[in-house]
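Quick notes on the structure that follows.
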Amino acid sequence: MKKLIVVLIVIFSFRYLSAQIAPVPDQYVLNPVLINPAATGLRESLSIAGLFRRQWAGIKGAPETIMLIADSPVFDGNTGLGFSIMRDKIGVTRETSVSGSYSYTTKAGEGSLSLGLKAGILATNTAWSELVALEPGDESMLSDSRTFIVPDFGFGAYYYNEKYFAGFSVPRLLGYRFNTDKNRYSLRIDPGQYYYLFQGGYLIDLSEIIRFQPSALLSLSPGEKMLLDINAHFNFLEKVWAGVSFRTNRSFASMVQVAINDQVKAAYSYYLDFGKLGHFSTGTHEIMLRFDLQMKADVVNPLIF
């Protein structure tokens, strides 16, 4: 019985800490709309991306995420509309979110400023019955929670031109926590638990065929440890993107994206944890396939990656 209680406490603690942050894929560098709704529609095309992420491979119940995202410029090119579906699994807990995003871009100084909003719904439940009871009689405690549906909102800002970019976003404004007495989730709004994402980078022409893009992402939440990503990526003839990322939680990631043709790009990233989890995991794998279908909208300073 005590062992089962310990397992439940660990799961509850993990859900409490992560309930107000959406998964952050490693490939946000090549597709910023993954973490910031203000990047919606900033390409000169209808962009459709599918992503699969398996975190901490080799550990049973480790997070697994599937995403489908589509966004496009509309009207005069200053407006962007997007749609996304995400399925996130952590242990015996499941999250499914469906959301739409909107952005508006205007000229600002030497670049363009885009402001974006995300709105949708998130459904979550926990299948306690999938756990294995450690002692006879514990099975009676393992009743599945009801599906809990909550609204899901986020917002962001993105400033960019042909050489540099800077972004800020709060991917999830509403959170939830599990009530063990009522066997259900309850909605909570706590700005003190928000995750604030700050992103920036610069594009440097090394030669006619090679571009270098250093960038960084800062993940900040009051009362929790700050995380910093330092990224270095190279662009070869607008066909191949390759680079590495270092994270302050003692982890390392490598990534490559290949343009199969003008419309199709495929990307893969491998993330290795040098902390305690690294002793039990073979790493994190992420695959993305993106289709860019040319549109007639005249986008101001379109993204190039």
Side-chain angles (χ1 to χ4, degrees), residues 7-25 27-28 31 33-37 39-40 48-56 59-71 81-103 116-131 141-156 169-195 197 219 221 284 286-288:
V7 172
L8 296 181
I9 290 175
V10 171
I11 295 175
F12 282 133
S13 298
F14 186 81
R15 294 306 303 160
Y16 180 81
L17 290 175
S18 63
Q20 240 165 281
I21 181 170
V24 178
Q27 295 177 26
Y28 66 84
N31 202 358
V33 73
L34 291 170
I35 62 171
N36 193 336
T40 299
I48 303 173
L51 182 142
F52 174 76
R53 175 182 174 86
R54 174 167 290 173
Q55 190 168 344
W56 303 327
I59 298 178
K60 188 175 182 179
E64 191 174 281
T65 303
I66 299 175
M67 302 178 70
L68 177 65
I69 298 178
D71 69 293
L81 294 178
F83 174 80
S84 67
I85 301 175
M86 183 189 71
R87 173 74 168 175
D88 193 32
K89 180 173 68 173
I90 305 177
V92 294
T93 298
R94 311 288 188 271
E95 281 187 1
T96 300
S97 66
V98 179
S99 61
S101 58
Y102 167 87
S103 72
L117 296 172
K118 180 190 75 172
I121 58 172
L122 184 149
T124 183
N125 74 295
T126 301
W128 299 116
S129 60
E130 294 183 9
L131 293 176
M141 297 178 59
L142 302 179
S143 58
D144 294 349
S145 70
R146 291 174 292 177
T147 298
F148 189 51
I149 299 177
V150 298
D152 185 24
F153 298 100
F155 75 94
S169 65
V170 180
R172 185 168 291 176
L173 295 173
L174 300 179
Y176 55 86
R177 66 180 302 174
F178 191 80
N179 187 315
T180 55
D181 296 328
K182 297 181 180 179
N183 191 33
R184 59 165 293 174
Y185 290 91
S186 60
L187 185 68
R188 65 188 180 97
I189 303 174
D190 184 1
Q193 293 296 323
Y194 287 168
Y195 272 78
L197 302 181
S219 303
S221 181
T284 296
E286 190 172 293
I287 301 172
M288 182 175 69

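All values reported here derive from a predicted model rather than from experimental measurement. The first residue of the sequence shown is numbered 1, and numbering continues consecutively from there.
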Exercise. Which residues satisfy the side chain to side chain donor-acceptor pair (under 3.5 Å) test with Gln55, sequence neighbours excluded?
Worked result: none

Exercise. Considering only heavy atoms from C-beta outward, does the side chain of Pro25 approach that of Thr65 to under 4.5 Å?
Worked result: no

Exercise. What is the minimum heavy-atom distance between Tyr195 and Pro171, and which atoms define it?
Worked result: O-CD, 3.6 Å

For this session: Please identify each residue that fulfils side chain to side chain donor-acceptor pair (under 3.5 Å) with Thr284, with sequence neighbours left out.
Result: none

Problem set entry | Pairwise side-chain contact, Thr40 with Tyr102, heavy-atom cut-off 4.5 Å (strictly under) | no

Exercise. Sequence neighbours excluded, which residues qualify as side chain to side chain donor-acceptor pair (under 3.5 Å) partners of Thr96?
Worked result: Arg87

Exercise. Hey, is the main chain of Gln27 close enough, under 3.5 Å, to the side chain of Glu286 for a donor-acceptor pair?
Worked result: yes

Problem set entry | Arg54: salt bridge (charged side-chain N to carboxylate O under 4.0 Å, His left out) partners, not counting sequence neighbours | Glu64

For this session: Answer yes or no: is there a donor N or O on one side and an acceptor on the other, between the side chain of Thr124 and the main chain of Arg94, under 3.5 Å?
Result: yes

Exercise. Leu68 versus Phe83: any side-chain heavy-atom pair under 4.5 Å?
Worked result: no

Problem set entry | Counterpart residues, side chain to side chain donor-acceptor pair (under 3.5 Å), relative to Ser169 (two or more places apart) | none

Exercise. Do Ile69 and Leu34 come within less than 4.5 Å of each other through their side chains, counting heavy atoms only?
Worked result: yes

For this session: Applying side chain to side chain contact (heavy atoms under 4.5 Å, CB included), name anything that partners Ala70, two or more places apart in sequence or on another chain.
Result: Ile48

Problem set entry | Gap separating the CD1 atom of Ile85 from the OG atom of Ser97, nearest 0.5 angstrom | 9.0 Å

Exercise. Only one of Asn36, Leu173, Asp152, Val33 forms a side-chain contact (heavy atoms from CB on, under 4.5 Å) with Lys118, so which one is it?
Worked result: Asp152

Seminar exercise, completed: Shortest non-hydrogen pair, Trp56 vs Pro63, comes out as CE3-CD, 3.5 Å

Exercise. Are any of the side-chain heavy atoms of Pro37 and Leu117 separated by less than 4.5 Å?
Worked result: no

